[in-house]
There are 2 protein chains.
Amino acid sequence: MSSIRVVLFEDNFHLRESLYFLIGAEPDMECVGAFADCSGLEAQITAAKPDVILMDIEMPGMNGIEAVGQIKRVFPDIPVLMQTIFQDDEHIFNALCAGASGYLLKSADAHHYLQAIRDVRQGGAPMSGPVARRVLELFQKNVKPELRNDYELTQKEKEVLAELIEGKSFKMIADSLGISYETVRSHMKSIYAKLHVHSNTEAVIKALKERIV
Amino acid sequence: MSSIRVVLFEDNFHLRESLYFLIGAEPDMECVGAFADCSGLEAQITAAKPDVILMDIEMPGMNGIEAVGQIKRVFPDIPVLMQTIFQDDEHIFNALCAGASGYLLKSADAHHYLQAIRDVRQGGAPMSGPVARRVLELFQKNVKPELRNDYELTQKEKEVLAELIEGKSFKMIADSLGISYETVRSHMKSIYAKLHVHSNTEAVIKALKERIV
DNA sequence: GGTTCCATCACCCTTTTGTGGGATGCCTCT
DNA sequence: AGAGGCATCCCACAAAAGGGTGATGGAACC
């Protein structure tokens, strides 16, 4: 394959220059543009004809996420790699939903950047470890809700767990289910055993994450 | 981190042996089990106590996807890496929904296998290029971001809350954040105030449901 | 140079949970 | 009739969490 043409958008001067030279030094890629903001975005891309775009999220003016959206509307086939320090759901969501083809955390070292560029060029979707994991989890949660296991909880145990997820204490659960405090505790014991957890909190986490109840 | 304990399930004798020696030769990992099928799955895992499981999909008897499902029910915290020649949506889908933490195509070379094992051990979700891209595409179709408010939690409070929804106790949080037990409690108090809740459990529920942290 | 957060830690006391034993009666299946 | 699972309750002790109050140092903001 011929040299990979890369354009980068990054407002930090040092990082931009570093990436520029880093990419230029690779035999199989060249940096055909490096910009500090997204003014003139479309014209610059039209002129540079990049194979891959590296896009920072936090930038003055138009931010990287809006930029991806715009790029994808005009140049749907150019893959865009996000690079950012944010790894919260919202940024990941927005960036990926806007059409990004990869998501790198800035903690990634130089080698990873270059590898990611090659990867995305070849049809991959490079994502830093924690991001990939998060995407997977969201993926696993959102799709196929029918594939849930209920850990063989009995009806009553499910009721108790459901109340627990309402945020109630054992006493409140006893009240609202019309059973005694001790019975609630008893049910909790078997819930813990079946879910392999050792606390109220862990049970709630597991129940919510795996959509039991 | 201590040596990564790997167990592998692979019916092809040559590949199994190759992987066994390959893993064994790495200074930071050891292969504590290599099996040709999934009979006695649970007992073998209990005995080997692996940190990571490498699982082939196409196997006689129980296939790798069913196996993942079973493993995840009993050992939800052990990450399972799928390795297979299939890259159709159906296989990817089923494997990931069953709980796999990564998906490698067998075309990946030895280095990629080892790197993927390290990656998944550190919370990543290694996926071969085309698979990652496909997951991303499915993700982009399925998930929409929603608005969240963070209740103005401080950085530290978010960290504590994050640990909490890992299922940790106050003591464990104190340890892993390197602060004292009393400080954790102190942060918890302000978290409660800001979230308008009065217990550990309620805080976790709110955090998970509203995607804070 | 004071004010306001924030992160840190401490002490006291109460309440809630976790764990390990029980026990009883009611089903259902065999 | 017996076995097993389930729901129901009880007790006792230990561990964890909740609530109040207060103190210190640092950074940030006027």
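Reminder, nothing fancy here: chain letters follow the sequence lines and each chain counts from 1.
In this structure, the CD atom of B:Glu159 is 13 Å from the C1' atom of C:dC6, given to the nearest Å. For the pair B:Leu153 CG and C:dC5 P, the interatomic distance rounds to 16 Å; values are reported in whole Å. Distance, B:Ile173 CD1 to C:dT8 C1': 16 Å, rounded to whole Å. Per the geometry, CG belonging to A:Leu195 stands 12 Å off P belonging to C:dG18, to the nearest Å.
Listed by chain and number, the residues in a salt bridge (charged side-chain N to carboxylate O under 4.0 Å, His left out) with B:Arg16 amount to none (sequence neighbours excluded). Remark: A:Glu66 engages A:Asn63 in a side-chain hydrogen bond (donor to acceptor under 3.5 Å, both in side chains) (not counting sequence neighbours).
Between the side chain of B:Lys206 and the backbone N or O of B:Leu195, at least one donor-acceptor pair lies under 3.5 Å. In this structure, the side chain of A:Glu157 does not engage the main chain of A:Leu153 through any donor-acceptor pair within 3.5 Å. Checking side-chain atoms of B:Glu166 against main-chain N and O of B:Glu163 turns up no donor-acceptor pair under 3.5 Å. The backbone N or O of B:Ala48 lies less than 3.5 Å from a partner atom in the side chain of B:Arg5, making a donor-acceptor pair. Although no hydrogens or angles enter the test, the distance criterion places a donor-acceptor pair under 3.5 Å between the side chain of B:Tyr192 and the main chain of B:Asn200. Panel note: side chain B:Glu10, backbone B:Asn12; a donor-acceptor pair is recorded below 3.5 Å.
Every pair tested for side-chain hydrogen bond (donor to acceptor under 3.5 Å, both in side chains) that includes a residue from residues 44-54 of chain B fails, sequence neighbours excluded, so the list is empty.
Taking every heavy atom of both residues into account, B:Ser180 and B:Ala174 meet most closely at C-CB, 3.8 Å.
Applying the 4.0 Å criterion to OP1 and OP2 of C:dA7, one finds that B:Thr154 has a side-chain N or O inside that range. Side-chain nitrogen and oxygen atoms of A:Lys156 include at least one within less than 4.0 Å of the OP1 or OP2 phosphate oxygen of D:dT8.
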Sequence-aligned protein contact record of nucleotides 9-18 of chain D, with B where the base is within under 4.0 Å of a protein heavy atom and S where only the sugar-phosphate is: BBBB---SBB
Close N or O pairs between protein and nucleotides 25-30 of chain D (under 3.5 Å):
none

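Looking at heavy atoms from C-beta onward, A:Val52 lies out of side-chain contact with A:Ile78 at the 4.5 angstrom threshold.
Direction change of the helix axis from one end of the helix from C:dG1-D:dC30 to C:dT30-D:dA1 to the other is 50°, with five pairs defining each end axis (rounded to 10°).
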